[in-house]
Protein chains: 2
Amino acid sequence: MRLTTKGRYAVTAMIDLAMNQSLGPVSLKSISVNQGISLSYLEQLFAKMKRKNLVVGARGPGGGYVLARDVDSISIADIILAVDEPLDITECEGEENCHDGKRCLTHDLWSELTDQLHVFLRGIRLGELMRRSGIDQARNSGPAVRLARSDGHRVGLPE
Amino acid sequence: MRLTTKGRYAVTAMIDLAMNQSLGPVSLKSISVNQGISLSYLEQLFAKMKRKNLVVGARGPGGGYVLARDVDSISIADIILAVDEPLDITECEGEENCHDGKRCLTHDLWSELTDQLHVFLRGIRLGELMRRSGIDQARNSGPAVRLARSDGHRVGLPE
DNA sequence: TGAAAAACCTAGTAAAATACTTGGTTTTTA
DNA sequence: TAAAAACCAAGTATTTTACTAGGTTTTTCA
């Protein structure tokens, strides 16, 4: 499991989304402005998260993304694994350096370690991080920052 | 905190070192051969770990590295932080995008998350990983693989 | 009906990090 | 004194990151 700023971007964006989806879909534009992340980069990250069924997209004006599942059923591990695909299948899969059993040994140890990390990150849910921040602060910023529909009309989601 | 294959290399090398230092310093050459990591790359990783007082070097023939501390006092976090310097001081340190308090909010959440990760990885010690592998298997491979001194003479360490 | 807002898509690309390579020097041992 | 090792500096190919550019498709609303 990799853990880089890419995953950090994704987690940050998802926290933003979780905190603001109550009034309807959240546009990537607004997340881009609020979090200072390039719009197109966000599009790429959300395309991956959509493929992993973490978010649902809604096209057209007033559209955006909403979480596909409950905030408490989405873990940090889900998010990071969605954007940082492993591709760690390389190394030592029937390779020549494994002859003495030594290489596979430490590789097993390492994978055990990452398994523990998975369990740990799977234990932290989006809802937890959201609640830890106290009350939703974003909506108070007004439409200029949040880019929310000023009439507060709730836009229907695709079923 | 970053967590990439670089840290994985370092942890793997340190497990190798921990399992083989009982007979004296372990050369990077032997770790290079056993773990399939470039010698010069190992040199760079160990230079960083030496700077963080995780290992002690011994020059000359029969030299190599030994752990500077007990296997149970060196955590996985120590190793990863030694080779993957953070340099995460960027982003949002009195920047312009913080005006509405929103950006700093998610940044705080993220740093809380990495704090938890630190605690977790600090809780896993090198000795634990070592013992989990059962009995030391490496020394049975003989000098061709391990490159150990065949006479078994224990080389003195610098004090 | 048509303009606009959004997702959605593809391709490229600059900067950074990773994972080396090369070619040394210094120290220590036998 | 030769060899083995740490130690050091500089360069480099590859990969990843983070982004730009330029679209299309879908949907809403005036």
Side-chain angles (χ1 to χ4, degrees), chain A residues 2-10 12-13 17 24-33 35-51 55-66 83-88 90-91 147-151 153-158, chain B residues 2-10 12-13 17 24-33 35-51 55-66 83-88 90-91 147-151 153-158:
Chain A
R2 282 207 301 293
L3 190 58
T4 63
T5 49
K6 193 182 193 175
R8 176 206 184 115
Y9 272 137
T12 299
L17 174 53
V26 178
S27 72
L28 295 187
K29 180 84 184 299
S30 72
I31 296 178
S32 169
V33 170
Q35 306 303 331
I37 306 170
S38 139
L39 176 60
S40 249
Y41 196 41
L42 278 175
E43 284 176 347
Q44 288 165 41
L45 297 180
F46 273 78
K48 290 180 175 185
M49 292 195 284
K50 192 189 175 189
R51 248 175 267 136
V55 294
V56 173
R59 291 180 162 202
Y65 286 94
V66 286
V83 299
D84 269 339
E85 40 245 281
L87 59 87
D88 287 16
T90 45
E91 334 256 353
L147 298 176
R149 295 174 56 107
S150 51
D151 58 6
H153 175 60
R154 182 153 162 73
V155 183
L157 303 183
Chain B
R2 281 207 300 293
L3 189 58
T4 63
T5 49
K6 193 181 194 177
R8 176 207 185 114
Y9 273 138
T12 299
L17 174 53
V26 178
S27 72
L28 295 188
K29 179 84 184 299
S30 73
I31 296 178
S32 168
V33 169
Q35 306 303 331
I37 307 170
S38 140
L39 177 59
S40 250
Y41 197 40
L42 279 175
E43 283 176 347
Q44 288 165 42
L45 297 180
F46 273 78
K48 289 180 176 185
M49 292 195 284
K50 194 190 174 188
R51 247 175 267 135
V55 294
V56 172
R59 291 181 162 202
Y65 286 94
V66 287
V83 299
D84 269 338
E85 39 245 280
L87 58 87
D88 287 16
T90 45
E91 333 258 352
L147 300 176
R149 295 173 56 107
S150 52
D151 57 6
H153 175 62
R154 183 155 162 74
V155 183
L157 305 183

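As the structure is a prediction and not an experimental result, all values here were calculated from the model. Order of the sequence lines sets the chain letters (A, B, ...), proteins ahead of strands, with each chain counted from 1. Atom set for the values below is all heavy atoms of this structure, side chains included, hydrogens, waters and symmetry mates excluded.
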Short N/O separations, protein against nucleotides 8-11 of chain D, under 3.5 angstrom:
from, atom 1, to, atom 2, distance (Å)
dC8(D), N4, E43(B), OE1, 3.1

Residue met sooner reading DNA chain D from 5', once S38(A) and F46(B) are mapped to nucleotides: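 Checking each residue's closest nucleotide, the 5'-ward one belongs to F46(B).
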
Which value, rounded to the nearest 0.5 Å, describes the distance between Q35(A) atom CD and R8(A) atom CZ?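 CZ of R8(A) is found 11.0 Å from CD of Q35(A).
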
In whole Å, what is the span from the [atom1] atom of [X] to the [atom2] atom of [N]?
{"X": "I31(B)", "N": "dC20(C)", "atom1": "CD1", "atom2": "P", "answer": "15 Å"}
{"X": "L42(B)", "N": "dT21(C)", "atom1": "CG", "atom2": "C1'", "answer": "14 Å"}
{"X": "L39(A)", "N": "dG22(D)", "atom1": "CG", "atom2": "C1'", "answer": "13 Å"}
{"X": "L28(B)", "N": "dC20(C)", "atom1": "CG", "atom2": "P", "answer": "14 Å"}
{"X": "K48(B)", "N": "dT18(C)", "atom1": "NZ", "atom2": "C1'", "answer": "10 Å"}
{"X": "R2(A)", "N": "dT16(D)", "atom1": "CZ", "atom2": "P", "answer": "6 Å"}
{"X": "K6(B)", "N": "dA17(C)", "atom1": "NZ", "atom2": "C1'", "answer": "7 Å"}
{"X": "K29(B)", "N": "dC7(D)", "atom1": "NZ", "atom2": "C1'", "answer": "17 Å"}

Please confirm whether the shortest side-chain N or O distance from [X] to OP1 or OP2 of [N] is below 4.0 Å.
{"X": "T5(A)", "N": "dT17(D)", "value": "no"}
{"X": "Y65(B)", "N": "dC7(D)", "value": "yes"}
{"X": "Y9(A)", "N": "dC19(D)", "value": "yes"}
{"X": "Y41(A)", "N": "dA18(D)", "value": "yes"}

What residues form a side-chain contact (heavy atoms from CB on, under 4.5 Å) with V83(A), not counting sequence neighbours?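 Listed in chain order: A10(A), L45(A), M49(A).
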
Can you name the residues that form a side-chain contact (heavy atoms from CB on, under 4.5 Å) with Q44(B), not counting sequence neighbours?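 Once residues adjacent in sequence are excluded, the partners of Q44(B) under the side-chain contact (heavy atoms from CB on, under 4.5 Å) criterion are Y41(B).
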
Does S32(A) reach the main-chain N or O of I37(A) with its side chain, forming a donor-acceptor pair under 3.5 Å?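 Such a contact is found between S32(A) side chain and I37(A) backbone.
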
For G64(A) against P25(A), the heavy-atom pair lying closest together: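 Heavy atoms of G64(A) and P25(A) come nearest at N-CB, 3.5 Å.
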
Non-neighbouring partners of K48(B) that pass side-chain hydrogen bond (donor to acceptor under 3.5 Å, both in side chains), sequence neighbours left out: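 If we apply the side-chain hydrogen bond (donor to acceptor under 3.5 Å, both in side chains) test to K48(B), skipping adjacent residues, the hits are E85(B).
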
Quick one, I31(B) and Y65(B) - any side-chain contact, counting heavy atoms below 4.5 Å?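 Of all side-chain heavy-atom pairs linking Y65(B) with I31(B), none is under 4.5 Å.
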
